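A short write-up of the structure that comes next.
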Protein chains: 2
Amino acid sequence: MVHARTPEAESLLTPAEVATMFRVDPKTVTRWAKAGKLTSIRTLGGHRRYRETEVRALLGGVPLQRSGQ
Amino acid sequence: MVHARTPEAESLLTPAEVATMFRVDPKTVTRWAKAGKLTSIRTLGGHRRYRETEVRALLGGVPLQRSGQ
DNA sequence: TCCTACTTGGGTAATTTGGGCG
DNA sequence: ATTGTCCAAATTACCCAAGTAG
């Protein structure tokens, strides 16, 4: 792949990852999304993905600076 | 208005790029294409390419923060 | 303590997704 | 890197019980 083209994709998190970060059950994260408390992006299969920036902000307002992983 | 005669076809994305944008496995993107949920263009070698415009639209179109869903 | 409203987690079944292999 | 297939893990949606807060 010679393209130096990175389709500006904001990093997304899976339900399990968000659940781990908040120390709750993945099901609870789903409820937050349904309640509109958390923005969710859907895969074409209906699964949810969450914006990392939003989650981090809710977790403590620590901005993401893109340093490795 | 930009160039009115740019020979480059509309930008196409590789399976890996689409997968990254949706935070799914490339294999999953292939499933979407086979299921007809995503338009796929075939290279002469049989690999798939996807329309960037379509992918972006499916990802939420407007990157503006949406409150509630 | 009791009561009420809200939040969370367990259970189930169906679907979607990811890992391993060729 | 992509394709294809099989199988396990994750996610979804639902209802219901347990926990939390005032």
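Proteins come first, then strands; the chains are lettered A, B, ... in the order of their sequence lines, and each starts at number 1. Keep in mind that what you see is a predicted model, and the values were worked out from it rather than measured.
With sequence neighbours excluded, no residue forms a salt bridge (Lys or Arg N to Asp or Glu O under 4.0 Å) with B:Arg48. For the side-chain hydrogen bond (donor to acceptor under 3.5 Å, both in side chains) test, residues two or more places apart in sequence or in another chain that qualify with A:Thr14 are A:Glu17.
Within the model, atoms CD of B:Glu52 and CE of B:Met21 stand 6.0 Å from one another, a figure rounded to the nearest 0.5 Å. Note that the NE2 atom of A:His47 and the OG1 atom of B:Thr28 stand 9.5 Å from one another [nearest 0.5 Å]. Here B:Thr20 contributes atom OG1 and B:Leu13 contributes atom CG; the two are 10.0 Å apart, rounded to the nearest 0.5 Å. A distance of 10.0 Å separates CZ of A:Arg49 from CD1 of A:Ile41, quoted to the nearest 0.5 Å. Taking CG of A:Leu59 as the reference point, atom CZ of A:Arg56 lies at 7.5 Å (rounded to 0.5 Å).
Per the geometry, CH2 belonging to B:Trp32 stands 18 Å off P belonging to C:dT15, to the nearest Å. For the pair A:Leu38 CG and C:dT8 C1', the interatomic distance rounds to 16 Å; values are reported in whole Å. Distance A:Lys34 NZ to C:dG9 C1': 14 Å, rounded to the nearest Å. Straight-line distance from the CG atom of B:Leu44 to the P atom of D:dT3: 14 Å, rounded to whole Å.
A heavy atom lying under 4.0 Å from DNA chain C marks the following residues of residues 20-30 of chain A, by number: A:Val24, A:Asp25, A:Lys27, A:Thr28.
An OP1 or OP2 oxygen of D:dT2 is reached within less than 4.0 angstrom by no side-chain nitrogen or oxygen of B:Arg48. Side-chain nitrogen and oxygen atoms of A:Lys37 include at least one within less than 4.0 Å of the OP1 or OP2 phosphate oxygen of C:dT7.
Two residues are said to be in side-chain contact when any heavy atoms from C-beta on lie closer than 4.5 Å; B:Val29 and B:Phe22 fail this criterion.
Base pairing analysis places D:dT2 opposite nothing; no Watson-Crick or G-U wobble pair with both distances below 3.5 Å involves it.
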### Contact letters for nucleotides 16-22 of chain D, in which S counts primed atoms plus P, OP1 and OP2 and B counts the base, heavy atoms under 4.0 Å
-------
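Direction change of the helix axis from one end of the helix from C:dC3-D:dG22 to C:dG19-D:dC6 to the other is 50°, with five pairs defining each end axis (rounded to 10°).
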### Task
Run the numbers on A:Leu38 and A:Tyr50 for side chain to side chain contact (heavy atoms under 4.5 Å, CB included), then give the verdict.
CA-CA 8 Å; A:Leu38 190 58; A:Tyr50 305 93; 3.6 Å; yes
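Nearer to the 5' terminus of DNA chain D, by closest-nucleotide assignment, is the contact made by B:His47 (compared with the other of B:His47 and A:Tyr50).
Residue B:Thr14 places its side chain closer to D:dT2 than to any other of D:dT2, D:dG4, D:dT12.
For residues 31-43 of chain B, the pairs satisfying side-chain hydrogen bond (donor to acceptor under 3.5 Å, both in side chains) are B:Thr39-B:Glu54, with sequence neighbours left out.
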